[in-house]
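Take a look at the structure set out below.
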2 protein chains.
Amino acid sequence: MVSLSQPELLARLSAVVGERGVSTARPDRIAYGTDFWPKTQIWKQLGDIDRFPPDCVVWPTSTAQVSAVLALCNEHGVPIVPYGGGSGVCGGTIPIHGGVVLDLKRMRRVREVDTVSLSIEAEAGLNGQHLEDRLNSLGLSLGHFPSSIMCSTLGGWLAARSGGQFSSRYGKIEDMVEHLEVVLADGTVLDTRHRSPGAPDWTQVFVGSEGTLGVITAARLKVHPVPAARALRGLRFRQLKDAMRAMRAVMQAGLRPMVLRLYDPFDSLIALGKEAPAAATEATEPAPGGKLRALAGALATRSRQQLTHAVAPLGKALKRTALISALSAPPVVNRIAGNLPAPCLLIVGFEGEPDFVGAEMAGAMRVLADHGGTDLGAAPGEAWLARRYAVGFKQTKMFELGAFVDTMEVATTWDRLATLHEAVREALTPHAFVMAHFSHAYREGCSIYFTFGAHKGDPQRAERHYERCWEAATDAVLSAGGTLSHHHGVGLMKRGGMVREHGAMLKVGRALKRTLDPRGIMNPGKLWPDEDAAAGRIEADGREGVSL
Amino acid sequence: MVSLSQPELLARLSAVVGERGVSTARPDRIAYGTDFWPKTQIWKQLGDIDRFPPDCVVWPTSTAQVSAVLALCNEHGVPIVPYGGGSGVCGGTIPIHGGVVLDLKRMRRVREVDTVSLSIEAEAGLNGQHLEDRLNSLGLSLGHFPSSIMCSTLGGWLAARSGGQFSSRYGKIEDMVEHLEVVLADGTVLDTRHRSPGAPDWTQVFVGSEGTLGVITAARLKVHPVPAARALRGLRFRQLKDAMRAMRAVMQAGLRPMVLRLYDPFDSLIALGKEAPAAATEATEPAPGGKLRALAGALATRSRQQLTHAVAPLGKALKRTALISALSAPPVVNRIAGNLPAPCLLIVGFEGEPDFVGAEMAGAMRVLADHGGTDLGAAPGEAWLARRYAVGFKQTKMFELGAFVDTMEVATTWDRLATLHEAVREALTPHAFVMAHFSHAYREGCSIYFTFGAHKGDPQRAERHYERCWEAATDAVLSAGGTLSHHHGVGLMKRGGMVREHGAMLKVGRALKRTLDPRGIMNPGKLWPDEDAAAGRIEADGREGVSL
């Protein structure tokens, strides 16, 4: 491996992508050294805004340029981290070994729209909402609506197995992809094929590989006609367990709701609070930061209307002591929340041809009523739909106060779902306030989306406490037979858990990693940490002491 | 690699699986040296009943035994060919380098039935119909109904990406599998995971690997409740192209028929002939041998009722000259068949909850009528359903007469489907009589199932002619942008075409093959022929001159 000086590397990169395609500017190196992983927010509170800056950022505009950049980096052992919208929440794009961050966002063409077979081929850097807008203008839709749709890209979705809010009907991104264009470490350009001959299908190996096996540069995806009709309903269930059985019954009857979401009692309180204007004091953002801030207000203002005597004191206490105090005493808040007699909210929706939407909704409402659901009309569903992208981007304020919030999206089969929910709740209860909803239901199982937070006063304690929460939750998930990730990916945060989860299967992954990327340049330190050690990466760059 | 004498190998194998678990008996070595590939029927006519006998046949009863057998064979470089029902039609299990044929049929347990999450775990050697019977006794169904169901196994389905007759609704076997238990060449036992973390999914690499990457010993599969209701209809279309558009419209409207089949004019004539008792002279078997033999009778007896003057002479000629003469002059027969004004038959069926079956069928009939379909009532569909397993096992007679028949199941996206159909018809027309039906329709595309045959008088000429047919058809499929296999797998017959079809992607497959099976013991000579050469397989066993 011929080592290259920094100026030489930049000159060679500029020769490929042009001078405006390379940057070593400090703002770029800071911006591309992080993503939306909450832990990096704690680092910022510690004054650490550039813990892992890349050496440079490169913006290719074509597959040929990606190929040339990779071949160059491979020749000289320079790490490469593919980058899309930077909206990952697990640290998957943090360039912990420096090198080149390869931002794909200038590769954003829709290469082909096939209106006969209903598929498109698009480049990896295309923004999610721009892709959907383009399809809508042709009467088509991808059916993929992650909360991050406005700040994430097609390539990022594929690299991390993204799941959208309508995945019960349309599947996750891995179900939509037909085949991929991938550039390997040595610059080879491949096209995987899907549902083709009676041979192995490689598509699903590159999907979810988080930049460690190659760079996804384009994909062929199934698309759908924009649905002609849509209907949504809300239902109230007295018991969470009845509602979980009802969800399973809907999916296993062969119905295909585009949405089927169930909120646990505490999350329901907030969700129900939001649709009643009187209660929506602070409740315009349903996501982590906003949710927790909405909590005090929602609980307090609704206490006289719907909550029992058991809840009223909690509401008052929260109102009095405010959010931080509540987050400082998670066991107390969790205990009260756990005993809430408040009902659970379930939202169900169908879309497609009007006749079938009507028939499917009627069928689903029969199944849900049989399991104890009470119809709340269209309003809760419509409210959810209207606010489904109102993600809380104001988390920074929480972190500035020495608190943190995070989300954990686990999944398992129906037989283990209640156990998994209980196990994670119990594991987090001593450490953090925790609530959950059940979204992304399928025939075989469902995911659970936990929101948790705590307040520790100073960022050093917050970081340690954050790690403790994840360790406790990870152990609980694996013991309960769940998987650690439904759609947020692995990144840095879950790589240890992933190794435990995959067991002997890791051997195959590492074998392929070693073969396709013998010099370990592709997003080193992620997914297959041992391989990076074997490739001498950690020793070679002198950063082996880095603390994550 | 320590070489082992034959008696030493047998002694070591017997120590693992017991004496009754190993055979070197000549009848076993003959039986396990072939499968249902039509070319081997020609070999038999040449007096060649044991061209590629294995050295021995081994019947393991557990995953631990499979692991021990593989570790032993790997240590000594002995080829291993996993074997299920032996119903493959492409030569995939023929042990062209000798060694051990590993028959999995004694591994036939259903390990677990999960009636909550609707999945089962079963061993690879379980017979397909036995699996379905067992599920039915529990009110469940796999939804997988290949024509070979009575003589094929779960492991064979997975190894070759089997597709059943209801794949439009339930998917192919690769859509049903959740994860696999696989034993690698060195004896390592793996469990792949599906839809689990945001990481690569290896399941689809072992599915379709035809025994070249490891032995599939068990699988977790999705299952369904046995449908409460079922409805079938037949429709007549004047034009094939209208019917193809109608099929696409049904699938893209989001409807999920369990069956949607379209016969080209000639195949329709035979299919229609079969449901009218008066015309069903010889027509109880719809598959290759039976179909072609049914041809003369069906054409002749229906000539006065439905066929035009153009067809009547053909019918008479066929009746007079009989089948062999017809197959001796394929261009003439094809030309007449190509000008048939006979209508095309389409069969559509739904199953599931009664309400939804009714709604979906009503929706489909509206779509089909909009595209020119005329309702023929339930009879054609019911007739198809009743005879759907009546595969012609009497092909041997055809081969004894110096003729051959074969089938070719190609697939492509809807935009290329008509072109692919025409291209293959044109390519085969000079060489063989050819007809087709369109089955296995999906949102994105459809497969075409060609039946073709010819008569050359003696087996040597028949073998050369058989190869010519496949070469012509392969070129046509690849030029038209189709794939060479929808559900029959690759085997020996299509491995050359597979190499052409996969292009650069083969590099990844070969890299993994080399890593997981460095000594090249796993079904050598299939899927990755170059790797076997690299492993010294072809040189080492002195059989490099074998003619396939």
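Lettering of chains follows the sequences in order, A, B, ..., and the numbering in each one begins at 1.
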- Task: Fit a plane to each ring of A/His487 and A/His440, take the angle between them on a 0 to 90° scale, and name the class: parallel (under 30°), tilted (30 to 60°) or perpendicular (over 60°).
- Result: tilted
- Would you give the length of the straight line joining atom CH2 of B/Trp157 to atom CE of B/Met176, rounded to the nearest 0.5 angstrom? 8.5 Å
- Heavy-atom distances under 4.5 Å only: say whether A/Arg169 touches chain B with side chain, backbone, both or neither. neither
- Message: Checking B/Ser167 against B/Tyr442: is there a side-chain donor and acceptor pair closer than 3.5 Å?
- Response: yes
- Taking A/Arg248, A/Arg256, A/Met251, A/Glu353 one by one, which has the highest count of heavy-atom pairs under 4.5 Å against chain B? A/Arg256
- Task: With a 4.5 angstrom heavy-atom cut-off, could you sort out which part of A/Thr413 is near chain B: side chain, backbone, both or neither?
- Result: both
- Message: Taking side chain as everything from C-beta outward and backbone as N, CA, C, O, which of these in A/His224 sits under 4.5 Å from a heavy atom of chain B? Side chain, backbone, both or neither.
- Response: both
- Message: Which atoms of A/Val189 are under 4.5 Å from chain B, going by heavy atoms: the side chain, the backbone, both sets, or neither?
- Response: backbone
- Under a 4.5 Å cut-off applied to non-hydrogen side-chain atoms, are B/Met361 and B/Leu255 in contact? no
- Query: Tell me, side chain or backbone of A/Asp415 under 4.5 Å from chain B's heavy atoms, or both, or neither?
  - Reply: both
- Quick one: what part of A/Leu516 sits under 4.5 Å from any heavy atom of chain B, side chain, backbone, both or neither? side chain
- Message: Pairing donors with acceptors under 3.5 angstrom, does anything connect the side chains of A/Thr483 and A/Glu501?
- Response: yes
- Message: Under the rule for ring-ring contact (aromatic ring centres under 6.0 Å, His included), what residues qualify as partners of A/Phe350, not counting sequence neighbours?
- Response: none
- Query: Do the side chains of A/Val490 and A/Lys526 get nearer than 4.5 Å, heavy atoms only?
  - Reply: no
- Query: Is a side-chain donor or acceptor of A/Asn523 paired with a backbone partner of A/Gly92 at a separation under 3.5 angstrom?
  - Reply: yes
- Message: Taking side chain as everything from C-beta outward and backbone as N, CA, C, O, which of these in A/Val207 sits under 4.5 Å from a heavy atom of chain B? Side chain, backbone, both or neither.
- Response: backbone
- Item | Portion of B/Arg220 that has a non-hydrogen atom of chain A nearer than 4.5 angstrom | neither
- Shortest non-hydrogen contact from B/Leu190 toward B/Phe206: CD1-CZ, 4.4 Å
- Under 4.5 Å heavy-atom distance to chain B, tell me which part of A/Thr115 shows up: side chain, backbone, both or neither. backbone
- Note on the structure: Turns out that what part of A/Val410 lies under 4.5 Å from chain B's heavy atoms comes down to neither
- Region of A/Ser117 that comes under 4.5 Å of a non-hydrogen atom in chain B: both
- Query: Which atoms of A/Arg443 come close to chain B, meaning under 4.5 Å heavy atom to heavy atom: side chain ones, backbone ones, both, or neither?
  - Reply: both
- Query: Among side-chain atoms of B/Glu444 and A/Ser119, is any donor-acceptor pair under 3.5 angstrom?
  - Reply: no
- Message: Please classify the contact of A/Arg245 with chain B as side chain, backbone, both or neither, using a heavy-atom distance under 4.5 Å.
- Response: neither
- Mind ranking A/Asp191, A/Asp114, A/Val508 by heavy-atom pairs under 4.5 Å with chain B and telling me who comes out on top? A/Val508
